Chemist: 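Encoded as structure tokens, here's the structure I'll be asking about.
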Amino acid sequence: MASWIHPILLPLLLLQCAQQGSPEKPLWPLQRVPVVLPQQIEERPPPHFLEPAQLEVTSSCGPECHKHAPTPSYWDLRRFLSYETLHSNGQLTETAVGIYGFDLNSLNKSPAPEQGRSRAKRQIFGHDGRFSIVGGDFLLNYPFSTAVKLSTGCSGTLVGDRHVLTAAHCVHDGKNYVKGAQRLRVGFLKIQQKESQLNTTSKNPPPDKTKFQWIRVKRTHVPKGWIKGNANDIGMDYDYALLELKKTHKRRHMKLGVSPSAKQLPGQRVQFSGFDNDRPGQLVYRFCKAGDETYDLLYQHCDAQPGASGSGVYARMWDRRRRHWERKVIGVFSGHQWVDLNGAPQEFNVAVRITPLKYAQICYWIKGNYVDCREG
């Protein structure tokens, strides 16, 4: 049975999620971000757009596998952070990057994770903890208004006046761009008011009907760390993409943030909103405790269904510089991932963390310069 949340109770739920287990103010970390700069751009053969987007990602590498993976070198990181750009006219380019001001030793300082828990073979773990957001007063207001839907079936988050952060597998299967990626559209959920609703005087008016208003995508950026073959070990770390729209939207967007460790998050919880396929036309919100983590990935227990992948995982913490509470996107929900662990299949819900290097890269894609991208 689908759960929905009464509009009056929603602010209390958001406040509980942000404050539970946090006797003191949770602080956004203060740190200088490295610089990721484009160096050389080359034309690539146009893609074929053959296969539909796969909303579930499979991999043979789980949390322990990732923790014991070799530490990438400076040249490895340059290769992973180089990126392809797909233009709406079908043109494809590849951009090599340089990395400056990054300490390779920080890659070995992974946070001490909690022990992961075994899970039933379902995408909903136990009681379904998702809530459908109802009522135009909340659907059209921040932070829920930052959630958008992709025409390939995934979700995304507004991170700029015309930029959307999503998962790479929503537009690229690791080998080629998926069907629909060239004419990709982004849908904004809106309230559909009919004349009968506008003129009603009933004390119990019918629930708001919704529809999507679509905007075409101008260009799509995908890191080369993902474009190496589907479900490869490194690719999971780079399952993110940025979409630039053909025109600006009029909604408030959410800022990017470098992902803190799970233990630094308020109540050690994460939250995100997306368009799960089993609830068509509804925006679904959830929050849950973060579990195991690596330098690049965050494993959590949030209930989700296909369609939610690509959602921005965010947290609300205190910004010491600006002296106010602020929500920031700290990861991308990659989705429901099957892992072959010693011959036995296990399931994880996984988010790609926005590390300092990823922050520098995504921020440059949005801003077009590195000067505005030095503080995460």
Side-chain angles (χ1 to χ4, degrees), residues 2 4 49 52-56 86-88 130-173 177-194 207-222 239-254 271-286 304-314 329 332-335 362 365-366:
W4 64 277
F49 310 105
Q54 297 296 322
L55 302 187
E56 291 186 88
L86 174 66
H87 301 260
S88 58
R130 300 174 298 159
F131 300 92
S132 293
I133 304 302
V134 297
D137 290 342
F138 287 99
L139 281 174
L140 303 182
N141 287 333
Y142 186 86
F144 302 112
S145 58
T146 64
V148 293
K149 184 178 178 66
L150 275 60
S151 55
T152 53
C154 290
S155 299
T157 303
L158 300 175
V159 291
D161 292 337
R162 58 170 66 199
H163 292 93
V164 175
L165 185 65
T166 188
H169 74 259
C170 297
V171 295
H172 196 290
D173 64 12
Y177 289 87
V178 303
K179 188 179 297 185
Q182 182 178 356
R183 299 184 62 83
L184 188 64
R185 298 177 300 154
V186 170
F188 295 73
L189 193 63
K190 291 182 174 291
I191 302 300
Q192 184 177 11
Q193 289 184 315
K194 295 184 178 180
D208 293 324
K209 293 185 177 181
T210 59
K211 66 176 182 178
F212 285 101
Q213 179 177 336
W214 300 90
I215 298 179
R216 284 283 305 277
V217 172
K218 181 178 181 180
R219 57 174 64 97
T220 301
H221 301 296
V222 180
D239 188 11
Y240 61 92
L242 188 80
L243 316 178
E244 181 184 342
L245 304 177
K246 284 196 170 184
K247 63 179 182 179
T248 59
H249 58 81
K250 298 180 181 180
R251 297 189 179 186
R252 177 182 174 186
H253 65 266
M254 196 174 294
Q271 52 189 318
F272 60 95
S273 303
F275 296 94
D276 301 47
N277 285 355
D278 65 332
R279 300 188 186 182
Q282 297 183 37
L283 179 63
V284 183
Y285 167 78
R286 74 226 77 200
Q305 291 282 1
S309 56
S311 301
V313 177
Y314 59 90
V329 181
V332 178
F333 179 54
S334 182
I362 298 169
W365 287 340
I366 298 172

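No experiment lies behind these values; they were computed from the predicted model shown.
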Chemist: Donor-acceptor pair, Asp239 side chain versus His169 backbone, under 3.5 Å?
Modeler: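 A pair under 3.5 Å: yes.
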Chemist: So how far is it from His249 NE2 to Gln213 CD, rounded to the nearest 0.5 Å?
Modeler: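 With rounding to 0.5 Å, NE2 (His249) is 12.0 Å from CD (Gln213).
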Chemist: Would the distance check show the side chain of Thr210 and the main-chain N or O of Gly281 forming a donor-acceptor pair, the cut-off being under 3.5 Å?
Modeler: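 Yes; judged by distance alone, with no hydrogens or angles, the pair exists.
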Chemist: Indicate the ring-plane relationship of Trp214 and Phe212, choosing parallel, tilted or perpendicular according to the 30° and 60° boundaries.
Modeler: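 Rings of Trp214 and Phe212: tilted, as their planes differ by 30° to 60°.
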Chemist: So Val171 and Leu86, do their side chains get closer than 4.5 Å, heavy atoms only?
Modeler: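 No; the side chains remain at least 4.5 Å from each other.
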Chemist: Looking at every non-hydrogen atom in both residues, tell me the closest pair between Ser151 and Leu184 and how far apart they are.
Modeler: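 Here Ser151 and Leu184 meet closest at OG-CD1, 3.5 Å.
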Chemist: Which heavy-atom pair separates Val178 from His172 by the least distance, and what is that distance?
Modeler: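 Shortest heavy-atom separation between Val178 and His172 comes out as CG1-N, 3.9 Å.
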Chemist: To the nearest 0.5 Å, what is the distance between CZ (Arg162) and NE2 (His253)?
Modeler: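 Nearest 0.5 Å value for the CZ-NE2 distance: 13.0 Å.
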Chemist: Within a strict 4.5 Å, meaning less than it, do heavy atoms of the Tyr142 and Arg251 side chains meet?
Modeler: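 Tyr142 vs Arg251: side chains apart.
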Chemist: Let me confirm one number: the CD-OG distance from Gln271 to Ser311, rounded to the nearest 0.5 Å.
Modeler: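 Separation between the atoms: 12.5 Å.
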Chemist: How about Lys247 and Ile215: do any of their side-chain heavy atoms sit closer than 4.5 Å?
Modeler: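 Of all side-chain heavy-atom pairs linking Ile215 with Lys247, at least one is under 4.5 Å.
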Chemist: Where the side chain of Ser155 meets the backbone of Thr166, is there a donor-acceptor pair that is under 3.5 Å apart?
Modeler: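 Flag not set: sc Ser155 to bb Thr166 has no pair under 3.5 Å.
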Chemist: Report yes if some heavy atom in the side chain of Val284 is under 4.5 Å from a heavy atom in the side chain of Phe275; otherwise report no.
Modeler: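 Answer no - side chains too far apart.
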Chemist: Mind checking whether Tyr314 and Thr146 have side chains closer than 4.5 Å, heavy atoms only?
Modeler: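 Not touching, per the 4.5 Å side-chain cut-off.
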Chemist: Indicate yes or no: at least one non-hydrogen side-chain atom of Val217 is less than 4.5 angstrom from one of Leu245.
Modeler: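 Side-chain contact under 4.5 Å: yes.
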Chemist: Verify, without hydrogens or angle tests, whether Thr152 (side chain) and Cys170 (backbone) share a donor-acceptor contact under 3.5 angstrom.
Modeler: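 It does hold such a pair.
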Chemist: On a heavy-atom basis, which atom in Arg185 and which in Arg216 lie closest, and how many Å separate them?
Modeler: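 So the minimum-distance heavy-atom pair works out to CG-CD, 3.6 Å.
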Chemist: Under 30°, 30 to 60°, or over 60°: which ring-plane class applies to Tyr240 and Trp365, parallel, tilted or perpendicular?
Modeler: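 Tilted, since the angle between the ring planes falls between 30° and 60°.
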Chemist: Any heavy-atom pair between the side chains of Leu158 and Val164 that's under 4.5 Å?
Modeler: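 Yes; the side chains approach each other to less than 4.5 Å.
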Chemist: Looking at Ala308 and Arg286, what are the two nearest heavy atoms and their distance?
Modeler: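 That would be CB-NH1, 4.1 Å.
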Chemist: Going by side chain to side chain contact (heavy atoms under 4.5 Å, CB included), Pro306 matches just one of Asp278, Asp276, Asn277. Which one?
Modeler: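 Answer to the side chain to side chain contact (heavy atoms under 4.5 Å, CB included) test with Pro306 among Asp278, Asp276, Asn277: Asn277.
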Chemist: What is the distance from atom OG1 of Thr220 to atom NE2 of His87, rounded to the nearest 0.5 Å?
Modeler: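 So the gap between those two atoms works out to 9.5 Å.
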Chemist: Within a strict 4.5 Å, meaning less than it, do heavy atoms of the Ile366 and Leu242 side chains meet?
Modeler: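 Yes - at least one pair of side-chain heavy atoms lies under 4.5 Å apart.
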Chemist: Is atom CZ of Arg183 surrounded by more than 12 heavy atoms (other residues, nucleotides or ligands) closer than 6.0 Å?
Modeler: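 No, CZ of Arg183 has 12 or fewer neighbouring heavy atoms, counting only those of other groups under 6.0 Å.
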Chemist: Please name the pair of heavy atoms, one in Ala147 and one in Ser273, separated by the smallest distance, quoted to 0.1 Å.
Modeler: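 Closest pair (atom of Ala147, atom of Ser273, distance): CB-O, 4.0 Å.
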Chemist: Where is the tightest heavy-atom contact between Gly274 and Leu283, given as atom of each residue plus distance?
Modeler: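 Heavy atoms only, the tightest pair is O-CD1, 3.6 Å.
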Chemist: Got a second to check how far Glu244's CD is from Lys218's NZ, nearest 0.5 Å?
Modeler: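 It comes to 5.0 Å.
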